[in-house]
Visitor: 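Have a look at this one before I ask anything.
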Amino acid sequence: SFGKPSKITATVGLGKEGVISIEKEVGFSGQIHNKAVMIITGYLIEKYSQDFPLTLQARITFEQNYGMMEGDSASCAEVLAIISQLSNVPVKQSIAITGSMNQKGMVQPVGGIKEKVEGFFDICKHRNHLGKDTGVIIPKQNIDDLVLKPEVIDAIKKGIFNIYAVENIDEVIEVATSKKAEVVHKLAYNKLKEYFLKVKELSSEKIKSRKTRKK
């Protein structure tokens with residue numbers, strides 16, 4: 001077995017469809033992954049939708065994936081991609097992320113942690129991208145599962161590869177963006193509020209147009 005890094009992208013805009021997985025739409029994902037996407041929607045509702053309805057359409061996908069995929073190990077990365085788009089705060093591409101999450105934003109353990117860490121390490125080494133900002137974000141519960149090859153351990157000791165063990169999404173955000181989570185959340189909240197007010201405005205204009213036609 002081996003770890004294969006995959007790039008996740010997200011797009012966001014006005015709408016009410018919520019979070020949609022392109023993999024699910026084309027039949028490339030299993031039930032566990034589909035459930036993880038719904039959990040992400042639950043997190044966004046609780047985090048940002050206490051003062052106004054969640055008015056959002058978002059698309060997430062694993063780029064250049066043309067086969068079946070299953071599992072919830074990427075849900076932390078997926079929600080981070082969405083928050084990054086909403087807040088317009090970039091995510092460091094030198095850091096990989098693996099971790100499941102629940103609706104409350106708590107990070108949960110995943111399988112194959114050794115292979116995932118070493119898989120990203122091998123890619124970075126091959127591309128000469130090892131450095132002080134390179135590493136992998138993993139669930140804190142997986143620390144005891146790490147039995148890494150000596151080469152990776154040596155790189156960690158030298159400070160050119162890092163393991164970031166996290167407990168919640170806020171910690172993921174801070175490691176991946178180098179910004180305070182509350183700052184990023186505020187930016188995302190403001191964007192969602194802007195979406196809501198825009199949709200509300202458009203709805204009012206549509207109602208006024210109907211009334212004018214009736215007259």
Side-chain angles (χ1 to χ4, degrees), residues 6-29 31 33-65 72 74-93 95 97 99-107 137 166 168-215:
S6 182
K7 187 172 186 176
I8 297 172
T9 59
T11 57
V12 298
L14 289 176
K16 297 181 180 179
E17 293 92 340
V19 180
I20 294 176
S21 165
I22 292 177
E23 266 68 29
K24 178 184 178 181
E25 294 300 299
V26 298
F28 280 174
S29 64
Q31 291 181 339
H33 180 262
N34 295 340
K35 178 183 178 182
V37 173
M38 295 180 73
I39 287 172
I40 290 171
T41 301
Y43 169 77
L44 295 176
I45 290 171
E46 175 158 295
K47 189 68 181 179
Y48 302 119
S49 189
Q50 300 302 305
D51 301 318
F52 51 85
L54 187 67
T55 309
L56 166 76
Q57 60 169 325
R59 302 290 187 276
I60 52 176
T61 190
F62 290 74
E63 296 295 347
Q64 293 190 298
N65 169 56
D72 61 356
S75 51
C76 285
E78 289 171 309
V79 78
L80 179 64
I82 293 171
I83 292 173
S84 172
Q85 281 294 108
L86 287 170
S87 63
N88 201 31
V89 173
V91 173
K92 294 177 184 177
Q93 299 302 294
I95 297 177
I97 306 166
S100 171
M101 63 171 282
N102 63 25
Q103 291 189 104
K104 303 297 183 179
M106 301 306 297
V107 176
I137 296 173
V166 299
N168 54 62
I169 289 299
D170 285 358
E171 292 180 12
V172 173
I173 291 171
E174 293 183 354
V175 171
T177 68
S178 292
K179 292 186 180 295
K180 289 290 185 180
E182 60 190 41
V183 173
V184 178
H185 284 310
K186 183 63 176 178
L187 292 169
Y189 174 88
N190 289 341
K191 176 58 71 173
L192 287 169
K193 189 172 184 178
E194 179 184 317
Y195 284 167
F196 166 69
L197 294 175
K198 184 64 176 178
V199 168
K200 188 177 180 181
E201 178 186 339
L202 292 172
S203 297
S204 298
E205 291 176 359
K206 191 173 182 180
I207 292 171
K208 288 179 182 179
S209 178
R210 286 176 181 173
K211 288 181 179 179
T212 302
R213 286 200 299 270
K214 284 182 181 180
K215 290 180 180 178

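No experiment lies behind these values; they were computed from the predicted model shown. We count residues from 1, following the sequence as given.
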Visitor: Taking the side chain as every heavy atom from C-beta outward, state whether H33 and E78 have any pair of such atoms under 4.5 Å apart.
Guide: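 A side-chain contact under 4.5 Å exists here.
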
Visitor: Looking at S75 and M101, would you say the former's side chain and the latter's main chain have a donor-acceptor pair under 3.5 Å?
Guide: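 Pair found, side chain donor or acceptor close to backbone of M101.
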
Visitor: Give the minimum heavy-atom separation between I39 and N102, together with the two atoms involved.
Guide: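 Where I39 meets N102 most closely, the heavy atoms are CG2-C, 3.6 Å.
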
Visitor: Would a 4.5 Å heavy-atom cut-off, applied to side chains only, mark I173 and L80 as touching?
Guide: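 Yes, side chains in contact.
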
Visitor: Measuring only between side-chain heavy atoms, which start at C-beta, is K35 closer than 4.5 Å to D72?
Guide: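 When only atoms from C-beta onward are counted, D72 and K35 do not touch, as no gap falls below 4.5 Å.
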
Visitor: With rounding to the nearest 0.5 angstrom, report the CD1 to CE distance, I169 to M106.
Guide: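 Going from the CD1 atom of I169 to the CE atom of M106 covers 9.5 Å.
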
Visitor: Counting C-beta onward and ignoring hydrogens, is there a side-chain heavy-atom pair between T61 and F28 closer than 4.5 Å?
Guide: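 When only atoms from C-beta onward are counted, F28 and T61 do not touch, as no gap falls below 4.5 Å.
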
Visitor: Any side-chain heavy atom of D51 sitting closer than 4.5 Å to one from F196?
Guide: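 They are not in contact (no side-chain heavy atoms under 4.5 Å apart), so the answer is no.
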
Visitor: Between A77 and I8, which heavy-atom pair has the shortest distance, and what is it?
Guide: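 Reported closest heavy-atom pair: CB-CD1, 3.8 Å.
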
Visitor: Determine, stepwise, if the pair L192 / L86 fulfils side chain to side chain contact (heavy atoms under 4.5 Å, CB included).
Guide: CA-CA 7 Å; L192 287 169; L86 287 170; 3.9 Å; yes

Visitor: Using only atom types and a distance under 3.5 Å, with no angle test, would you say the side chain of Q85 pairs donor to acceptor with the backbone of T11?
Guide: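 It does not hold such a pair.
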
Visitor: What's the shortest heavy-atom distance between S6 and F62, and which atoms?
Guide: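 It is OG-CD2, 3.4 Å.
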
Visitor: Does atom CD of Q64 have more than 12 heavy-atom neighbours, drawn from other residues, nucleotides or ligands, at distances under 6.0 Å?
Guide: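 For Q64, atom CD is not crowded (no more than 12 foreign heavy atoms under 6.0 Å).
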
Visitor: For the CD atom on Q31, are there more than 12 heavy atoms of other groups (residues, nucleotides or ligands in this structure) within a distance under 6.0 Å?
Guide: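 For Q31, atom CD is not crowded (no more than 12 foreign heavy atoms under 6.0 Å).
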
Visitor: Can you give me the closest heavy-atom contact between L14 and Q57, atom names plus distance?
Guide: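 So the two residues come closest at O-NE2, 2.6 Å.
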
Visitor: Among L44, V37, T41, exactly one meets side chain to side chain contact (heavy atoms under 4.5 Å, CB included) together with V79. Which residue is that?
Guide: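 It is L44, the one option of L44, V37, T41 that forms the side chain to side chain contact (heavy atoms under 4.5 Å, CB included) with V79.
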
Visitor: Without swapping roles, check the side chain of T55 against the backbone of G15 for a donor-acceptor pair under 3.5 Å.
Guide: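 Here the side-chain-to-backbone pair does not exist.
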
Visitor: Is the closest side-chain heavy-atom distance between I82 and V12 below 4.5 Å?
Guide: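 They are in contact (side-chain heavy atoms under 4.5 Å apart), so the answer is yes.
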
Visitor: Taking the side chain as everything from C-beta on, heavy atoms only, tell me whether Q93 gets closer than 4.5 Å to K7.
Guide: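 Yes - at least one pair of side-chain heavy atoms lies under 4.5 Å apart.
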
Visitor: Taking the side chain as every heavy atom from C-beta outward, state whether H185 and K47 have any pair of such atoms under 4.5 Å apart.
Guide: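 Touching, per the 4.5 Å side-chain cut-off.
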
Visitor: Using the rule given for side chain to side chain contact (heavy atoms under 4.5 Å, CB included), can you reason through Y43 versus I83, listing the C-alpha separation, both sets of side-chain angles and the distance that settles it, and then say yes or no?
Guide: CA-CA 11 Å; Y43 169 77; I83 292 173; 4.1 Å; yes

Visitor: Over all heavy atoms of both residues, which pair between P53 and S49 is shortest? Give the atoms and the distance, please.
Guide: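 That closest heavy-atom pairing would be C-OG, 3.4 Å.
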
Visitor: Show your working on side chain to side chain contact (heavy atoms under 4.5 Å, CB included) between K186 and V183 and close with a plain yes or no.
Guide: CA-CA 5 Å; K186 183 63 176 178; V183 173; 5.8 Å; no

Visitor: At their closest point, which heavy atom of V89 faces which heavy atom of K179, and how far apart are they?
Guide: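 Heavy atoms of V89 and K179 come nearest at CG1-CD, 3.7 Å.
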
